[in-house]
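Worksheet for the structure shown next.
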Protein chains: 2
Amino acid sequence: MIREGGTAALSLREATRRAGVTPGAAYRHFRGRDDLLAAASRAIQEQMTARMRTAVPPRPAGEVSVAEDAAARALDRLRGVGLGYIGFARAEPGWFETVFFGAPGVGAETGAGEGAGEERDHEVAPPFLALLAALDECRDTGVLTAERREGAEFVCWSAVHGFAELVIHGPLRDAPAEVVDALSVRVVDDIIAGVR
Amino acid sequence: MIREGGTAALSLREATRRAGVTPGAAYRHFRGRDDLLAAASRAIQEQMTARMRTAVPPRPAGEVSVAEDAAARALDRLRGVGLGYIGFARAEPGWFETVFFGAPGVGAETGAGEGAGEERDHEVAPPFLALLAALDECRDTGVLTAERREGAEFVCWSAVHGFAELVIHGPLRDAPAEVVDALSVRVVDDIIAGVR
DNA sequence: CACACCAAGTAGACGCCGTTCACATCGGCC
DNA sequence: GGCCGATGTGAACGGCGTCTACTTGGTGTG
């Protein structure tokens, strides 16, 4: 349901209907619609990281790792993470909409959890972890100084996520695919240049 | 209602209730809830551009415009647009959420309008226009080459909009204000560096 | 073996929502 | 003076999320 129609299209009643069950049964497994949405969001994030992993080709078997090659590989990985993120958003806009946006409303009413043992949802999202790893690799291979590494994840994530939204909801909504392709690499390359 | 609670908090019934009127009356002025939301979005965008205009200090009265100064002023204006955008998103997250995201669902079912004279909503948003103007000024003053100017609006908008989302919904949700302040200028400066 | 127990599901209700339709009302214009 | 269009009303329909009391079927234990 999320896949076609986005977050708003997730209906608890419709979900139970498809499961061949009455609406009340859902409350045996989820605290409510929001909880169901959060569970879906987690499932989607796994798919997303998997896709981002396959988007960047695995390191070639040759072990001739001159420092220069290691740096180039780190840069390629960083580009792959960014382009993979954008690619996922374009391929599955409904899923994408849910991932980083689904759970909390705009109000700050998330405080005052019920129990004490409540595990907060503040664990870092897997796709964000992939970005962190790529940036660390850039620092370790000398592509990024330690100073420039600091906070770079926010700059990179901002640009890539913002572009994804631009393509899905914004003025690039119905631009031809080749234009979006070209702009994708432009955004990723420019942001990497700016962050170095 | 949108201001506190975001897009989802806009209820047509509640709106008519506050207006002291029955729900049906709304349909004399709007085609439905989506149309009301679109009207609200337009109103918000005007407020947003006004705020972005005041965020960048007006040009000093001195008319000693060496080319160098004109370039510096163009750069300042570009920074101001970016920081104003982020500032608006932080000050009014509910409004912000609606502006670039309110109207269409994720599906592409916007086609097949009813009448022939239907004016499409593809007119460019005013805050985006402010960005275009700032970038043009950068080109005219030599800050940006004509080649680099091409498509730069998408790179800039991506970074700034993405950062705003990061602050509102993402891992920077409850970061202290000073950290967000510092990261804001980092993002804006890095993206300008990358785009040049 | 029998029994208590508990997870899972059901039936039905409540209040909110968006939307529609037939009907009232009231002001301005020919 | 009578018409008409804009505006609002009242009631209804179906869908939604959520809650509560009640049934049921399997499982582990005395």
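Predicted model only: the values in this text are computed from it and were never measured. Scope of the values below: all heavy atoms of this structure, side chains included, with no hydrogens, waters or symmetry mates. All chains are named by letter (A, B, ...) in the order of the sequence lines, taking the proteins before the strands, and each is independently numbered beginning at 1.
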Just the rounded figure in Å: distance from P of dG18(C) to CG of Leu36(B). 9 Å

Could you give the OH-to-P distance, from Tyr27(A) to dA11(C), as a whole number of Å? 17 Å

Between Tyr85(A) and His161(A), how do the two ring planes meet: parallel, tilted or perpendicular, split at 30° and 60°? perpendicular

Restricting both atoms to N or O, compile the protein contacts to nucleotides 9-11 of chain D shorter than 3.5 Å, with distance only.
| unit_1 | atom_1 | unit_2 | atom_2 | d |
| --- | --- | --- | --- | --- |
| dT9(D) | OP2 | Thr22(B) | N | 2.8 |
| dT9(D) | OP2 | Thr22(B) | OG1 | 2.7 |

Find the distance between CD1 (Ile191(A)) and CH2 (Trp157(A)) and round it off to the nearest 0.5 Å. 13.0 Å

Between CG on residue Leu36(A) and CG on residue Leu12(A), distance to nearest 0.5 Å: 6.0 Å

To the nearest angstrom, the CD-P distance between Glu14(B) and dC16(C) comes to 10 Å

Spacing of Phe30(A) atom CZ relative to dT18(D) atom P, expressed in whole Å: 13 Å

Short N/O separations, protein against nucleotides 27-29 of chain C, under 3.5 angstrom:
none

Quick check for you: among dT20(C), dC17(C), dC19(D), whose closest atom lies nearest to any side-chain atom of Arg17(B)? dC17(C)

If you compare all heavy atoms of Leu144(B) against all heavy atoms of Ala152(B), which two are closest, and at what distance to 0.1 Å? CD2-CB, 4.5 Å

Protein and nucleotides 24-26 of chain D: nitrogen or oxygen contacts under 3.5 angstrom:
none

Mind checking the CG-CG spacing from Leu10(B) to Leu37(B)? Nearest 0.5 Å is all I need. 5.5 Å

CD1 of Ile86(A) to CD1 of Ile168(A), rounded to nearest 0.5 Å, is 10.5 Å

For Leu129(A), what residues pass the side chain to side chain contact (heavy atoms under 4.5 Å, CB included) criterion, not counting sequence neighbours? Val124(A), Leu132(A)

Is a side-chain donor or acceptor of Arg149(B) paired with a backbone partner of Thr145(B) at a separation under 3.5 angstrom? no

note: Met1(A), atom CE; dG17(D), atom P; distance rounded to Å ~ 8 Å

Distance-only check: which donor-acceptor pairs under 3.5 Å involve side-chain atoms of residues 177-184 of chain B, not counting sequence neighbours?
| unit_1 | atom_1 | unit_2 | atom_2 | d |
| --- | --- | --- | --- | --- |
| Asp181(B) | OD1 | Arg90(B) | NH1 | 2.8 |
| Asp181(B) | OD1 | Arg90(B) | NH2 | 3.3 |
| Ser184(B) | OG | Val180(B) | O | 2.7 |

Once you round it to whole Å, what is the distance between P of dG18(C) and CG of Leu12(B)? 5 Å

Heavy atoms of Ser158(A) and Leu166(B) approach each other most closely as OG-CD2, 3.6 Å

Return no unless some side-chain N or O of Ser11(B) is found under 4.0 Å from OP1 or OP2 of dC16(C). no

With Arg17(B), which residues qualify under side chain to side chain donor-acceptor pair (under 3.5 Å), at least two apart? Glu14(B)

Here the distance between atom C1' of dA7(C) and atom NE2 of His29(A), to the nearest Å, is 9 Å

Rounded to whole angstrom units, what separation is found between the CZ atom of Arg33(A) and the P atom of dC19(D)? 15 Å

